[in-house]
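Below: the structure, in C-alpha cells.
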There are 2 protein chains.
Amino acid sequence: MEKSIRKRHTECSSMMMPVRDTLDVISGKWKLMILISISAGNKRFREIERSIPKINSKVLAKELKDLEEHKLIKRTVFDDYPVLIEYTILPYAESLGDVIKALSDWGINHRKYIHGE
Amino acid sequence: MEKSIRKRHTECSSMMMPVRDTLDVISGKWKLMILISISAGNKRFREIERSIPKINSKVLAKELKDLEEHKLIKRTVFDDYPVLIEYTILPYAESLGDVIKALSDWGINHRKYIHGE
DNA sequence: GTAAGCAGTTACCTAAAGGTAAGCAATAAC
DNA sequence: GTTATTGCTTACCTTTAGGTAACTGCTTAC
C-alpha cells in the first residue's frame with residue numbers, strides 16, 4: 001500500500017532551475033567576457049574585439065546580438081558622419097555583477113589551490 | 001615619438017582571466033546540476049541520475065570523472081557485498097556555494113523580469 | 001525463474017558552437 | 001593614391017558537447 005512512496009532520490013530540481021536559467025543567458029565562451037569588456041569602458045565594436053584575446057568578429061557580432069535581445073546591452077547608432085556605433089551596459093546587466101564577482105573570486109582562489117597549497 | 005601609445009581599447013584581461021578559469025571548471029550543461037544534487041544528499045550513481053531530469057548515464061559518468069579530477073567530489077568504493085559506491089562533495093567544492101548562490105539569485109530575478117515588471 | 005536494480009561502458013550519431021578567411025562600402029590618415 | 005579603420009557579413013569547415021540505445025556482470029526482490 002505504500003510501495004511507490006519509496007525514496008528513490010532527494011528532490012532538488014527547484015534548486016537547479018534558476019541556475020539553469022542563468023546559464024542559458026550567459027552560456028558560451030564569450031558572453032561574460034564581452035560584458036566585462038563593455039563594463040570596463042569599451043564601447044565600439046573594434047575596441048571590444050581588440051580587448052578580448054582570440055575572439056573573432058563573427059562570434060562577437062553574434063554574441064552582441066544575443067546580449068541585446070536579452071536586454072543586457074544597448075546598441076546605439078549616432079548618425080553623424082561617419083556613423084558611429086556604441087554598445088553600453090544596461091542597468092539590468094549590472095545585477096550580473098554579483099555573478100561575475102563570485103566567478104572571479106572563485107577563479108582566483110582556484111588558481112592558488114592548484115599551484116601549491 | 002608617441003605613436004604606439006595610442007589607446008586602442010581599455011585593458012581588461014586581468015578581470016577576464018579568473019572568470020574564464022572558473023568557467024573552465026564548471027563548464028557544460030551538467031556539472032553544477034550534479035554538484036547541487038550531491039549537495040542535496042544524493043550519493044549513489046543511480047540516485048544522482050534520477051534526480052537530474054534528462055541526464056543520461058554516459059554524460060553523468062563522464063562529468064563525475066571530471067569533477068573528481070578537479071577535486072570537487074570524491075568517489076568512495078565500499079567493498080562490502082555487493083560493492084557500493086558513493087559520491088561526496090569535498091570541502092573545497094563547498095566554496096562554490098557562493099557561485100551557485102549568485103547564479104541562482106540572478107536566475108530567480110531574471111524570471112520575474114521576463115514575465116512582467 | 002524472471003524482472004529489476006546496481007555502476008557504469010561502448011559504438012554511433014546529431015546539432016550546435018566556434019574558428020578561418022575573405023570581402024564590403026565608406027571615410028580618414030600618410 | 002595606397003593603406004588603414006570601421007562595423008560588420010558570408011561561406012565554409014572543424015571541433016566539441018551531448019544524446020540514443022544497447023549491453024555488461026553481479027545481486028536482490030517477487
Side-chain angles (χ1 to χ4, degrees), chain A residues 1-9 16 20 23-34 37-38 42-70 73-88, chain B residues 1-9 16 20 23-34 37-38 42-70 73-88:
Chain A
M1 203 145 250
E2 56 158 53
K3 73 159 171 255
S4 52
I5 315 180
R6 201 157 100 247
K7 186 203 148 218
R8 297 173 63 76
H9 66 268
M16 297 181 338
R20 167 93 12 111
L23 292 181
D24 285 347
V25 175
I26 60 170
S27 66
K29 231 172 135 173
W30 302 113
K31 291 206 187 68
L32 287 177
M33 310 302 136
I34 295 169
S37 170
I38 301 179
N42 296 302
K43 295 173 173 339
R44 317 283 304 276
F45 188 93
R46 293 288 183 203
E47 234 176 24
I48 299 168
E49 191 175 11
R50 280 190 298 264
S51 74
I52 305 176
K54 313 251 175 181
I55 202 170
N56 60 67
S57 15
K58 186 203 142 193
V59 170
L60 179 56
K62 194 216 148 218
E63 299 290 60
L64 284 170
K65 268 176 206 151
D66 271 27
L67 291 170
E68 214 196 332
E69 277 171 20
H70 280 111
I73 61 171
K74 190 167 182 291
R75 181 179 184 272
T76 314
V77 183
F78 293 96
D79 249 333
D80 307 309
Y81 310 96
V83 241
L84 186 137
I85 289 161
E86 274 191 13
Y87 291 93
T88 40
Chain B
M1 200 146 246
E2 55 158 55
K3 70 157 174 255
S4 53
I5 316 181
R6 201 159 100 246
K7 186 205 149 213
R8 298 174 62 76
H9 66 266
M16 297 182 335
R20 166 96 7 116
L23 292 181
D24 285 346
V25 176
I26 60 169
S27 66
K29 231 172 136 172
W30 301 113
K31 291 207 187 66
L32 287 177
M33 308 304 135
I34 295 168
S37 171
I38 301 179
N42 296 301
K43 295 174 174 338
R44 318 285 303 275
F45 189 93
R46 294 290 182 202
E47 235 177 23
I48 299 168
E49 191 175 13
R50 280 191 299 264
S51 76
I52 304 175
K54 313 250 176 182
I55 204 171
N56 60 69
S57 14
K58 186 202 140 194
V59 170
L60 179 56
K62 193 215 148 220
E63 300 291 59
L64 284 171
K65 267 176 207 150
D66 271 26
L67 291 170
E68 214 195 331
E69 276 171 22
H70 280 110
I73 60 171
K74 189 168 181 287
R75 180 178 184 272
T76 314
V77 182
F78 294 96
D79 249 334
D80 308 307
Y81 310 96
V83 240
L84 186 137
I85 289 160
E86 275 192 12
Y87 292 92
T88 40

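First the proteins, then the strands, lettered A, B, ... as listed; each starts at 1. Below, each value reflects all heavy atoms present in this structure, side chains not excepted, and no hydrogens, waters or symmetry copies. Predicted model, so just to flag it, every value in this text is computed and none were measured.
- Closest to the side chain of B/R44, from the set C/dC6, D/dG19, D/dC8, is C/dC6.
- With rounding to whole Å, A/E49 atom CD is found 13 Å from C/dA21 atom C1'.
- The NZ-P distance, from B/K43 to C/dC6, rounds to 16 Å in whole Å.
- Counting to the nearest Å, the C1' atom of D/dT6 and the CD atom of A/E47 are 12 Å from each other.
- Here the side chains of A/L64 and A/I38 are in contact, with some heavy-atom distance below 4.5 Å.
- Salt-bridge annotation for B/R46 and B/E49: present, with a side-chain N of the basic residue lying under 4.0 Å from a carboxylate O of the acidic one.
- Between the side chain of B/R50 and the main chain of A/R8, a donor-acceptor pair closer than 3.5 Å is present.
- Searching all strands for a Watson-Crick or G-U wobble partner of D/dC30 with both distances below 3.5 Å returns C/dG1.
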With the criterion being N/O to N/O and under 3.5 Å, what pairs connect the protein with nucleotides 23-30 of chain D, and how long is each?
none

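- In this structure, CD1 of B/I73 is placed 13 Å from P of C/dA7, rounded to the nearest angstrom.
- Here the side chains of A/M33 and B/L23 are in contact, with some heavy-atom distance below 4.5 Å.
- Looking at heavy atoms from C-beta onward, B/F45 lies in side-chain contact with B/L60 at the 4.5 angstrom threshold.
- In this structure, B/E86 and B/R44 approach most closely via the heavy-atom pair CG-CD, 4.2 Å.
- In this structure, the CG atom of A/D79 is 14 Å from the P atom of D/dG7, given to the nearest Å.
- For the pair B/R8 CZ and C/dA29 P, the computed distance is 14 Å after rounding to whole Å.
- Proximity of residues 50-61 of chain A to DNA chain D (heavy atom under 4.0 angstrom from any strand atom) is restricted to A/R50, A/S57, A/K58, A/A61.
- The side-chain heavy atoms of B/Y87 and B/L67, taken from C-beta on, include no pair separated by under 4.5 Å.
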